[in-house]
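Input: a single structure, listed below in C-alpha cells.
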Amino acid sequence: MVKAYSIPGTGEKAKDPIFGLTMGNSSQASGDRFRWFCVESGNADNPSVILVHGFPSQAYSYRKVLPVLSKDYHAVTFDWLGFGFSDKPQPKYGFDYTLDEYVSSLESLIDELGVTKVSLVVQGYFSPVVVKYASNHKEKINNLILINPPLTAQHAKLPPTLSIFSNFLLGEIFSQDPLRASDKALTSSGPYKMKEEDAMVYRRPYLISGSSGFALNAITRTMKKDLKRYVEDMQRILTDKSWNVRTTICWGQRDRWLSYDGVEDFCKSSNHKLVEVPRAGHHAQEDCGEELGQLINGILRKKN
C-alpha cells in the first residue's frame, strides 16, 4: 500500500447515498492520506515505467505485461482511487472523483514513488488524465504510450455499458451487481473471454463493499460531464507543435467501444507513431498481454 494524495475533506463519517448507513473503513478518509494498491516488479535501479489501467479496470489487467517489462525495467502498476483494492472514499469526504482530482492524485502518487524520470503507459478513458499530467511535467516523462485512448470527437461519449452507471437510482442498483459492474464492463468492449479465476479478482471489490459500486457511480457521472472537455484538451496537447514528449498510440483493432475511424488520420497529422494490435479489443492488455508487453518493450528501447 502506498499512501498518497492529501485530504481536504470534512472529517465526518461517510454514509451511503441510498439508505444513509455508515460506510465501511475503505470508504472513510484516513487521518492524513488515501491508500493506493500498488504492484512493483523488476529492479528499482532500472528505468521506471508506470502502467495505468483504464475505466473500469484494475492493476490486475497488466498481470501478463508486468513479467515482460520487469526483465529490463522497474515496472509499477496501481489501482486508481475508487477501483480495485485502493481506497474508495465517498464523494464529499475527501475525494469527489473529478478528472482534475485524478490528475493531481496521480501527481502525488508519482511523487510518493520517488521516480524522477518515468515512462507512462495508459489504457482507455483515463488517457486524457495521464496526458494532462504529462503536459504539466514534461521534464519527467521519457515516453508516453496510449492504448486505445479516446482520441476523436466521437470518442468523447461513454458506451451504454458504462453510461448506465450514471443513471439516478438505476445506476446505484446496477453498480452493486458484480457481474454487471465488472464482468460485462470488461467483456463487452472486445473479444476478451474472461476466465473464472480472473473474474473473481475483478468481482471481489464489489463483493466485499458497496463502496466500489458507489465510486463507480461517481466516476461515471464525472466522465459523462467532463470527458468531452478532457478529450479536447488531450487533442490540443498532442497536436501542439511544442509537444516534445515521445508519444505512441497502440490500437486494438477489435475495440467495440471506440471506433478506429479518424485514429490513423490523427496520428499522421500529429506525427505520433501508431502501432496496431489486430487481435486486441479495447482492453488490449487483457486480450494480448504478452504481445503488448513485447510491443511496449520495443517502443521503450528505441531512441528518440
Side-chain angles (χ1 to χ4, degrees), residues 14-19 21 23-28 34 36-37 52-63 77-91 93 95-99 101-102 123-126 129 148 150 157-227 255-258 281-287:
K15 300 182 186 317
D16 80 70
I18 296 180
F19 302 109
L21 302 174
M23 301 296 289
N25 288 335
S26 65
S27 305
Q28 310 295 341
F34 294 125
W36 300 62
F37 176 78
V52 185
H53 73 76
F55 170 62
S57 190
Q58 296 178 24
Y60 186 70
S61 66
Y62 287 108
R63 63 194 175 278
T77 186
F78 63 87
D79 289 336
W80 283 110
L81 292 178
F83 294 90
F85 302 96
S86 288
D87 279 352
K88 304 169 187 69
Q90 283 298 100
Y93 293 89
F95 195 77
D96 289 335
Y97 298 95
T98 67
L99 297 187
E101 282 179 309
Y102 272 114
Q123 181 264 324
Y125 289 104
F126 274 115
V129 168
N148 286 63
K157 184 179 180 182
L158 291 178
T161 309
L162 298 182
S163 63
I164 188 67
F165 298 117
S166 68
N167 289 356
F168 177 69
L169 192 58
L170 188 63
E172 272 81 4
I173 294 171
F174 284 171
S175 69
Q176 299 303 315
D177 178 0
L179 297 182
R180 186 180 286 269
S182 62
D183 292 34
K184 187 174 182 180
L186 288 169
T187 57
S188 67
S189 62
Y192 178 46
K193 303 296 183 184
M194 188 183 291
K195 295 179 180 179
E196 185 64 19
E197 59 265 31
D198 296 328
M200 287 307 300
V201 176
Y202 285 113
R203 293 171 193 161
R204 187 180 175 194
Y206 296 94
L207 292 170
I208 61 179
S209 172
S211 60
S212 295
F214 295 131
L216 180 61
N217 297 143
I219 182 57
T220 306
R221 287 164 185 157
T222 292
M223 285 279 185
K224 283 198 74 172
K225 180 169 67 75
D226 292 341
L227 183 60
D255 192 331
R256 295 175 187 161
W257 284 353
L258 300 180
H282 183 71
H283 295 276
Q285 68 270 43
E286 295 283 8
D287 298 318

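One-based numbering along the sequence shown.
Nearest heavy-atom pair, Leu162 versus Pro56, reported as atom, atom and distance to 0.1 Å: CD2-CD, 3.4 Å. Contact record, Pro178 with Leu207: CG-CD2, 3.6 Å, taken as the closest heavy-atom pair. Nearest approach of Leu158 to Lys224, heavy atoms of both residues: CD1-CG, 3.9 Å. Taking every heavy atom of both residues into account, Glu101 and Asp96 meet most closely at OE1-N, 2.8 Å. Contact between Ile164 and Leu170 at its shortest, heavy atoms only, is CD1-CD2, 3.7 Å. Of all heavy-atom pairs between Gln176 and Glu172, the closest is CG-O, 3.3 Å.
Judged by the 6.0 Å distance and 45° axis criteria, Arg63 is positioned over the aromatic ring of Tyr60.
Between Met194 and Ser182, every side-chain heavy-atom pair lies at or beyond the 4.5 Å cut-off. Inter-residue side-chain proximity for Tyr206 and Ser175 is flagged as unmet; no heavy-atom pair is nearer than 4.5 Å. Trp80 is listed as a side-chain neighbour of Val52, based on a closest heavy-atom distance under 4.5 Å. Contact annotation: the side chain of Asp79 never approaches that of Trp36 to less than 4.5 Å [non-hydrogen atoms, C-beta and beyond]. Within the 4.5 Å cutoff, the side chain of Gln123 has no heavy atoms near those of the Ser61 side chain.
Contact check on Arg203 versus Glu196 returns a salt bridge, with a Lys/Arg side-chain nitrogen under 4.0 Å from an Asp/Glu carboxylate oxygen.
Here the OH atom belonging to Tyr125 is positioned 10.0 Å from the CG atom belonging to Asn148, to the nearest 0.5 angstrom. Taken to the nearest 0.5 Å, the CG atom of Leu216 stands 11.5 Å off from the OG atom of Ser211. Atom-to-atom distance recorded for Lys184:NZ and Leu179:CG is 11.0 Å, nearest 0.5 angstrom. Note that OG of Ser212 and CG of Asn217 are 11.0 Å apart. Values are rounded to the nearest 0.5 Å. Rounding to the nearest 0.5 Å gives a distance of 10.5 Å between CG of Asp198 and CG of Asp183. For the atom pair Thr220 OG1 and Phe174 CZ, the distance stands at 13.0 Å (nearest 0.5 Å).
Remark: Arg204 CZ is loosely packed, at most 12 non-hydrogen atoms of other residues, nucleotides or ligands lying under 6.0 Å away.
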Handout entry: Pair Phe95-Tyr102, ring-ring contact (aromatic ring centres under 6.0 Å, His included): steps then yes or no
Key = CA-CA 9 Å; Phe95 195 77; Tyr102 272 114; 5.2 Å; yes

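Taking the six-membered ring for Trp and thresholds of 30 and 60 degrees, Trp257 and His283 have ring planes more than 60 degrees apart, a perpendicular arrangement. Aromatic ring pairs are classed by plane angle as parallel below 30°, tilted from 30° to 60° and perpendicular above 60°; the pair Phe126 and His53 is perpendicular.
Tested against Phe165 for a side chain to side chain contact (heavy atoms under 4.5 Å, CB included), the candidates Met223, Arg221, Arg180 yield a single pass: Arg180.
Side chain of Ser86 to backbone of Phe37: a donor-acceptor contact under 3.5 angstrom is found.
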